[in-house]
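Here the structure comes first, spelled out in C-alpha cells, and everything after it is commentary.
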There are 2 protein chains.
Amino acid sequence: MRGQALKGHLDLLLLAVVSDGPKHGYAVIEELRLRSVDTFDLPEGTVYPALHRLEKAGYLSSDWSEVQGRRRRTYTLTSRGASALGEQRQSWADFSAAVNHVLNRSPWPTTS
Amino acid sequence: MRGQALKGHLDLLLLAVVSDGPKHGYAVIEELRLRSVDTFDLPEGTVYPALHRLEKAGYLSSDWSEVQGRRRRTYTLTSRGASALGEQRQSWADFSAAVNHVLNRSPWPTTS
DNA sequence: GCTTGACACCTAGCTTTTCTAGGTGTAGAT
DNA sequence: ATCTACACCTAGAAAAGCTAGGTGTCAAGC
C-alpha cells in the first residue's frame, strides 16, 4: 500500500484531470484512481485543500450545484490554469528525464 | 534555473549515485548535477541532512578521512541500502508510469 | 598580506505539501 | 435502522526541502 509520494506533482495531476472537462472534487478523485490504475487513490483531505489552493491561485474556478439532493462544487480550468498546466507538463518531462538520466548513469540528453 | 520539484524522490537519487561507488557529500552533489545536466543542482542544506537521514536509516555507512587538509565524510551503500534502492527504483517506475497515464488519459499499461 | 573562490562540512528554523482524523449531510439498499 | 456510496469540509501533525547562516582548508590573484 503506497501512494503517498506524489509530492510536488499533485497540482499537475489535478489540472490535467480537470482540463478534460469540468469536474467536482469527488469525481476528480475517482478519475485519478481510474486513470492511474489505483496508484493514486488520494484521500479527500489531500484533494479538497489542493483544489482550494488551485482556485485561490487562479488556476481553477468553481460553481456550486445540486444534483439529486447533493451539493457539488464543480471546478473548471481557467486560462491561467491552462498555461500553468502546460508549464507543469514540461517541468514533469524535464524532471522525469533527469531522474532517468541519474538512474541510468547517462548525463547526456536522450537523442533517440 | 529551476528544478525544486524532486520532493520525495531525493533518497532514490542519492542512493543511486552512491551505488556506483563510495562518495563524499560534496562529490554526490557534483555527480548529481553532472548526470542530470544541471537539472538537479542541490543546495548543501538539502543534501547533507538527507545523507544523515539515510545513514541513520541504515542505508548508508560513512567514514571520515582527510585529503589535502580537508576532511571528508565518505558514504558507502549498505546491503540494506542496496535493497532499498531496488525497491525505490521500482516505485519510481510505477509512479512515473502512473503520472504518464494520467497525463495521456490512458488508464491501461503502456504495452508498447 | 589579503581577498576571493572552490572545496568540504554542518545546523536551526522556515515554508510548503500531504496526510490523519475527525466532522456534516443526502440517497438508496438491506 | 443501518450501512455504503456520494459529497463536502477543516485543524493539526508530520515530513521534506530550502534558506541562511556558520566553520575551516587550500590555491590563485592582486
Side-chain angles (χ1 to χ4, degrees), chain A residues 1-15 17-18 22-34 36 39-57 59-60 62-75 88 91 95 98-99, chain B residues 1-15 18 22-34 36 39-57 59-60 62-75 88 91 95 99:
Chain A
M1 288 303 232
R2 36 168 330 290
Q4 65 271 40
L6 65 156
K7 328 234 183 181
H9 305 285
L10 178 59
D11 291 5
L12 168 65
L13 298 175
L14 297 179
L15 293 175
V17 167
V18 176
K23 275 178 191 56
H24 63 286
Y26 200 87
V28 166
I29 292 174
E30 278 192 317
E31 181 73 9
L32 222 33
R33 187 174 56 238
L34 274 176
S36 72
T39 300
F40 301 136
D41 189 3
L42 305 183
E44 300 175 355
T46 294
V47 173
Y48 288 125
L51 290 171
H52 298 165
R53 183 161 39 80
L54 290 171
E55 179 169 26
K56 203 172 176 186
Y59 297 156
L60 299 176
S62 71
D63 293 288
W64 285 98
S65 61
E66 183 139 348
V67 177
Q68 290 176 21
R70 285 151 180 150
R71 57 180 201 144
R72 286 181 174 176
R73 172 127 81 150
T74 299
Y75 292 92
Q88 290 192 25
S91 286
F95 172 79
V99 171
Chain B
M1 279 310 188
R2 37 179 321 288
Q4 65 272 36
L6 67 156
K7 330 231 187 183
H9 305 287
L10 179 58
D11 291 4
L12 168 64
L13 298 176
L14 297 180
L15 293 176
V18 176
K23 274 180 192 54
H24 63 286
Y26 200 87
V28 167
I29 293 174
E30 277 191 317
E31 181 74 9
L32 222 34
R33 188 175 54 239
L34 275 175
S36 72
T39 301
F40 301 137
D41 189 3
L42 306 183
E44 300 176 355
T46 293
V47 174
Y48 288 124
L51 290 172
H52 298 165
R53 182 160 42 78
L54 290 171
E55 180 169 25
K56 203 172 174 185
Y59 297 157
L60 299 177
S62 71
D63 293 288
W64 286 96
S65 61
E66 183 140 347
V67 177
Q68 289 174 21
R70 283 151 180 150
R71 59 182 200 141
R72 285 180 175 175
R73 170 126 81 152
T74 300
Y75 291 92
Q88 290 192 24
S91 287
F95 173 78
V99 172

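Here is the naming used below: chain letters follow the sequence lines, and residue numbers restart at 1 for every chain. Just so it is clear, the values below take in all heavy atoms, side chains as well, and ignore hydrogens, waters and symmetry mates. For clarity, every value in this text was computed on a predicted model and none was experimentally measured.
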> Do Ile29(B) and Thr46(B) have side-chain heavy atoms sitting under 4.5 Å apart?
Replying inline: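 No - every pair of side-chain heavy atoms lies 4.5 Å or more apart.
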Between [X] ([atom1]) and [N] ([atom2]), how many Å, whole number?
X        : N       : atom1 : atom2 : answer
Phe40(A) : dT17(C) : CZ    : C1'   : 15 Å
Lys56(A) : dT17(C) : NZ    : P     : 11 Å
Arg53(B) : dC10(C) : CZ    : P     : 14 Å
Leu32(B) : dC18(D) : CG    : P     : 11 Å
Ile29(B) : dA6(C)  : CD1   : P     : 14 Å
Leu51(A) : dT18(C) : CG    : P     : 12 Å
Asp41(B) : dC18(D) : CG    : C1'   : 13 Å
His52(A) : dT18(C) : NE2   : C1'   : 15 Å

> Pick the nucleotide of DNA chain D nearest each of Val67(A) and Gly45(A); which residue has the one closer to the 5' end?
Replying inline: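 With Val67(A) and Gly45(A) compared, the 5'-side residue is Val67(A).
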>> Main chain of Ser62(A), side chain of Glu55(A): is a donor-acceptor contact present, judged purely on distance under 3.5 Å?
In response: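 A pair under 3.5 Å: yes.
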Nearest 0.5 Å, please: how far is [atom2] in [Y] from [atom1] in [X]?
X        : Y        : atom1 : atom2 : answer
His24(A) : Asp63(A) : NE2   : CG    : 14.0 Å
Tyr59(B) : Leu15(B) : OH    : CG    : 8.0 Å
Tyr26(A) : Tyr48(A) : OH    : OH    : 7.5 Å

Given [options], the nucleotide with the shortest approach to the side chain of [X]:
X        : options                  : result
His24(B) : dT25(D), dT18(C), dC9(C) : dC9(C)
Arg71(B) : dG17(D), dC7(C), dC10(C) : dC10(C)
Tyr48(B) : dA8(C), dC8(D), dA27(C)  : dA8(C)
Leu10(B) : dC9(D), dT11(C), dG17(D) : dG17(D)

> Starting at the 5' end of DNA chain C and moving along, which residue's nearest nucleotide shows up first, Glu66(A) or Glu44(B)?
Replying inline: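 Mapping each residue to its closest nucleotide by heavy atoms, the 5'-most match is Glu44(B).
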> Between Trp64(B) and Pro43(A), who's closer to the 5' end of DNA chain C by nearest nucleotide?
Replying inline: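 So the residue in question is Trp64(B).
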> Does the dC7(C) base have a donor-acceptor partner in the side chain of Gln68(B) within less than 3.5 Å?
Replying inline: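 Checked by distance alone, the answer is no.
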>> Categorize Arg70(A) for me: base, sugar-phosphate, or nothing, with a 4.0 angstrom heavy-atom threshold over every strand shown.
In response: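 Base: the residue Arg70(A), judged by heavy atoms under 4.0 Å, touches a nucleobase.
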> Gly69(A) near the nucleic acid: base, sugar-phosphate alone, or nothing, with a heavy-atom cut-off under 4.0 Å?
Replying inline: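 The answer is sugar-phosphate, as Gly69(A) gets under 4.0 Å only of primed atoms, P, OP1 or OP2.
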